[in-house]
Structures are given as structure tokens and as C-alpha cells.
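Following: one structure in C-alpha cells, then a few remarks.
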Amino acid sequence: MKYYGADVVFPISSPAIKKGIVAMDNEGVVKGVYNPGEIDENLVEYFKGALIPGFINAHCHLELSHMKGVVPEGTGLTTFLSKVMDERSSKEDQVEKAMLAADKAMYENGIQAVGDHVNTAATAKVKEESPITYHTFVEVMAMRKEDVVNRIDQAKEIEFHFDYKHSSITPHAPYSGSKFLFKTLKKAVSEDNIISIHNQESDEENKLFRYKKGEFLDFYKKLDFDIDDFKAQARNSLQSFLPYIPTKNKLILVHNTYTSIKDLDFVDRMGRKVYFCFCPKANLYIEGRIPKVDNFLLGDYEIIIGTDSLASNDSLDILEEMKVIHQEFPDLDFNDTIKWATINGARALNLDHQLGSLEEGKQPGLVLLEGMDTFKLTPKVTVRRIR
């Protein structure tokens, strides 16, 4: 048994404890969380800062790790997508080396679990050997009706390479899937299949669905996609595709940069349980804008945090994402946002029985936020893994 103390301990499942103590066994299983004075001081290793459970990175693309710095900042989403498609191919050894480095960096940055999107089986070996728990989302893209069944079958073949308990098949985004894809996928997956969709990352997505206008038309033309069958919906993309998502499946909507109050009202009227994932650094990298977080606080929605990929970020670091959020919205309470980065993400990925909080019996990792001796997150705070 080892005892770890700090200026403040955030168990997440209960209020923060000043001068708190966490007990862990040799396997990293939490055996108790204590108030000061409840454990003999001579047994406790004390740290300056705050102790928290390991972070949950709810959205990543590990297989794009070799693309760091390849796509310039501020291109807008459609140009970014085109660049990624044009430039993503690289030598296999370079891709694997970059993935291994990214995985190692995430673990050192205190990340305990990752929701990772893939289009291939390239990340399977890295994940198998990693100390991080991964939930792999195999993306399906199909605009043409005749492609849908084949693309779903291909996704199932890719999913076979990953841990079946922590993998699922998901549509990539509204703009890369037809109504027929959403309807067919509903019948092709079980109710425990978590769905994670890129949502309203760009206003061009909303223009496409409202008016059938904007940059996505040129994007489709470049890809030789025939979208003659696509009809303007006279409403935003979220309102257009959400009715076709099976109601019993857990749903993560990623980015939400241009999600409006009306969109959120629509989610409420649908009675859907939705996890809204923010990846602020990637949003700033691509579009120069982040979601209006205040709108989501009004509805008391379940918020989670991701990093996206190194194609759209200079790091895979949840603490850095939190700093951006707090800088843009200084009135936020760290006692709330730390839940976004831990237990909420664990719940979204069905990992909350083991991760996301310092509770007896869990094995959530132990992370120190150095330079944090109050309840306020400042730019000077750094992350250090303890267990």
C-alpha cells in the first residue's frame, strides 16, 4: 500500500479535499481517499499541487499522428479535409513511429483512456501494447446508396482487429454520410454500440444542409461525389441527422463549434441523452473559433473533452485543452470542468466502472497538477503522472 497526499485532492465523485490523501495498492487500485489526520503522516508521500484521476481523451485520431504540422492553420474545414486526404499516406514505419510517440506522450500527459477514431487497422498493435485504455470508433463514410452496405461490411472487418469490448462502428459526419447510411447502420449495430459523430465543426456544414450551398459542393466535386439526390433540408445538420440515430445507443457529438441554441432545443425535444465533446485547440487550429460553451451550460449537458489529432493540434494534452477553455470562459469553475476531463468521458466510453474518479476499487491512474494549490486553473499549471 502507498499513500499519496497533496495540497488538494479531487476525488471527482465527492468534493475536493484540502491536504487529502489517496491510498493505492501496487496495482494502482484505489483503496481509500482520506482527510488530513486520518493516516499517519510518516506513511504519506506529499506533493505540491493537486491530485486527480487520469484524464479521459474522448476524441482523437491516433493514425494521423505523422501529420503534425503538415496542414497549415486557419484553412477552414473543407480545405483541411482535402489536405488530410491528399497527404495522409506515408511510409508504414514513419506512421507507426509517430503513433507510438503520440501514445507515449498521451500517457505521460496523464491520459488514462482515449476515444479514438480510425479508418484502418493501423493503430491496433500500438493500442494492444499501450498502458492506455482505448475505445476504437471505426468510421463509415458513404454518400452513394450503392456504397452503404459494402462500407459497413468493411468497417466490421476493420473492427475485428480491435478489442471487441471497446470498439464500435460509427458514421464519420453528417456531410460524409447519406440518410440511407444512417438508416442502414441503425439495423447493423447493436444497442451497446457507442456512436461518435463529428458535428457542426464548420458553418459550411450548416450551409450545406440548410441551402445546399457553400464550400462542401466544391469539396464533393473534387472527390467526384454525385450529390444530385441530396436535398436542402432548410435546417441545420444536427436537426437533419439526429432523428436517424438509434435512440438506445449512447451518442457522442464531437466539436459542436457551430451548434446553436435552436439545435440544443431540438436535442431536448428529441429526448436524447447526448455527450457533447469539445476539442478547442483543434477548432482554433482549423476554424479559428471554439464552441459557445455558455450555451451548453444552460442545459446542464454532459460535456467531455478531446484533443482531435496531431494534424490539427500541436499536442495531445487534455490539460492544455482545459486551459484554453478556462482562458476563453474565465467564469468556469474547475470543480465542474475537471469532471468534463475525467468522469464524464469515462461514462461516455463505458469505462466509469474503472476510470474517471478516485473511488475505492477503481484503477483510474493518479495524476499531479503541479503549480495548482487552489481551485483555479492557471497557465502555469503542468501535468505529471504519479501512477
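Numbers here simply count residues along the sequence, with the first being 1.
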May I ask you to check whether [X] and [Y] show a side-chain donor-acceptor distance below 3.5 Å?
X      : Y      : value
Ser167 : His135 : no
Glu287 : Ser202 : yes
Lys362 : Ser357 : yes
Gln200 : Asn256 : no
Tyr301 : Asn295 : no

Report the distance from atom [atom1] of [X] to atom [atom2] of [Y], rounding to the nearest 0.5 Å.
X      : Y      : atom1 : atom2 : answer
Leu358 : Phe10  : CG    : CZ    : 11.0 Å
Ser176 : Met141 : OG    : CE    : 5.5 Å
Glu96  : His66  : CD    : NE2   : 12.5 Å
Thr337 : His326 : OG1   : NE2   : 2.5 Å
Arg385 : Asn109 : CZ    : CG    : 9.5 Å

Verify the neighbour count for atom [atom1] of [X]: are there more than 12 heavy atoms of other residues, nucleotides or ligands below 6.0 Å?
X      : atom1 : value
Asn26  : CG    : no
Phe160 : CZ    : no
Glu128 : CD    : no
Asp300 : CG    : no
Asp336 : CG    : yes
Glu328 : CD    : yes
Glu38  : CD    : yes

Legend entry - Sidechain N-carboxylate O distance under 4.0 Å for Lys207, Glu215: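 No, Lys207 and Glu215 are not salt-bridged.
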
Inset, instruction - Inspect the contact between Asp147 and Arg144 and indicate whether a charged nitrogen and a carboxylate oxygen are less than 4.0 angstrom apart. - result: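 Here Arg144 pairs with Asp147 in a salt bridge, since their nearest N and O are under 4.0 Å apart.
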
Do [X] and [Y] have their ring centres less than 6.0 Å from each other?
X      : Y      : answer
Phe209 : Phe230 : yes
Phe80  : Tyr285 : no
Tyr175 : Phe216 : yes

Would you say the side-chain atoms of [X] pair up with the backbone N or O of [Y], donor to acceptor, closer than 3.5 Å?
X      : Y      : answer
Asp7   : Gly49  : yes
Asp25  : Val29  : yes
Gln112 : Pro53  : no
Lys212 : Ile227 : yes

Legend entry - Derivation and outcome, side chain to side chain donor-acceptor pair (under 3.5 Å), residues Glu320 and Ser315: CA-CA 8 Å; Glu320 293 302 310; Ser315 68; 6.0 Å; no

Could you report the tightest heavy-atom contact between [X] and [Y], atom names first, then the distance?
X      : Y      : answer
Leu310 : Ala102 : CD1-CB, 4.2 Å
Ala173 : Phe182 : O-CZ, 4.4 Å
Asn313 : Ala282 : ND2-N, 4.3 Å
His117 : Thr170 : CE1-CG2, 4.2 Å
Val44  : Gly5   : CG1-N, 3.5 Å
Leu298 : Ile261 : CD1-CD1, 4.2 Å

Can you hop from [X] to [Y] via hydrophobic side chains spaced under 4.5 Å?
X      : Y      : result
Val33  : Ile386 : yes
Ile132 : Ile194 : no
Ile318 : Leu284 : yes
Val22  : Ile12  : no
Ile111 : Trp340 : yes

Inset, instruction - Begin from the C-alpha positions of Arg210 and Gln239 and carry the test side chain to side chain donor-acceptor pair (under 3.5 Å) through to its verdict. - result: CA-CA 10 Å; Arg210 292 191 76 87; Gln239 300 178 43; over 6 Å; no

Legend entry - Among Lys127, His166, His61, side-chain hydrogen bond (donor to acceptor under 3.5 Å, both in side chains) partner for Asp116: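 Checked Lys127, His166, His61 against Asp116; only one passes side-chain hydrogen bond (donor to acceptor under 3.5 Å, both in side chains): Lys127.
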
Inset, instruction - Determine the sole option in Asp203, Asp263, Asn199, Thr259 for which the side-chain hydrogen bond (donor to acceptor under 3.5 Å, both in side chains) test with Asn236 is passed. - result: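 Going through the options one by one, the only one that passes is Asp263.
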
Inset, instruction - For the residue pair Tyr34 and Tyr3, categorise the inter-ring angle as parallel (less than 30°), tilted (30 to 60°) or perpendicular (more than 60°). - result: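 Judged by the thresholds at 30° and 60°, the geometry between Tyr34 and Tyr3 is tilted.
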
Inset, instruction - Answer yes or no for Lys48 and Tyr46: cation-pi contact, defined as NZ/CZ to six-membered ring centre under 6.0 Å and angle to ring axis within 45°. - result: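 No, Lys48 does not lie over the aromatic ring of Tyr46.
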
Inset, instruction - Kindly indicate whether a cation-pi arrangement holds for Lys145 with Phe180, taking the cut-offs as under 6.0 Å to the six-membered ring centre and within 45° of the axis. - result: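 Yes; both conditions hold, so Lys145 lies above the ring face of Phe180.
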
Inset, instruction - May I have the step-by-step check of side chain to side chain donor-acceptor pair (under 3.5 Å) for Thr257 and Glu201, ending in yes or no? - result: CA-CA 5 Å; Thr257 322; Glu201 193 174 353; over 6 Å; no

Legend entry - Linked hydrophobic residues, Tyr258 as query - side chain contacts closer than 4.5 Å: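 Members besides Tyr258: none; it forms no cluster.
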
Inset, instruction - Among Ile169, Val148, Asn193, find the one that has a side chain to side chain contact (heavy atoms under 4.5 Å, CB included) with Leu185. - result: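 That would be Ile169.
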
Legend entry - Derivation of the side-chain contact (heavy atoms from CB on, under 4.5 Å) call for Met106 and Phe55: CA-CA 9 Å; Met106 281 196 283; Phe55 290 120; over 6 Å; no

Legend entry - side-chain contact (heavy atoms from CB on, under 4.5 Å) between Lys250 and Tyr275, intermediate numbers included: CA-CA 8 Å; Lys250 192 169 282 189; Tyr275 291 88; 3.8 Å; yes

Legend entry - Verdict with reasoning, Val8 to Ile17, per side-chain contact (heavy atoms from CB on, under 4.5 Å): CA-CA 5 Å; Val8 59; Ile17 306 170; over 6 Å; no

Inset, instruction - Kindly indicate, with the supporting measurements, whether the criterion salt bridge (Lys or Arg N to Asp or Glu O under 4.0 Å) is fulfilled by Lys380 and Glu370. - result: CA-CA 9 Å; Lys380 71 176 183 179; Glu370 293 185 293; over 6 Å; no

Legend entry - Criterion side-chain contact (heavy atoms from CB on, under 4.5 Å) on Asp218 and Lys222, from CA distance to verdict: CA-CA 6 Å; Asp218 293 330; Lys222 179 183 176 183; over 6 Å; no

Inset, instruction - Using the ring-ring contact (aromatic ring centres under 6.0 Å, His included) rule, take Tyr134 and Phe162 through it: C-alpha gap first, then chi angles, then the decisive distance, then the call. - result: CA-CA 9 Å; Tyr134 283 90; Phe162 298 96; 9.2 Å; no

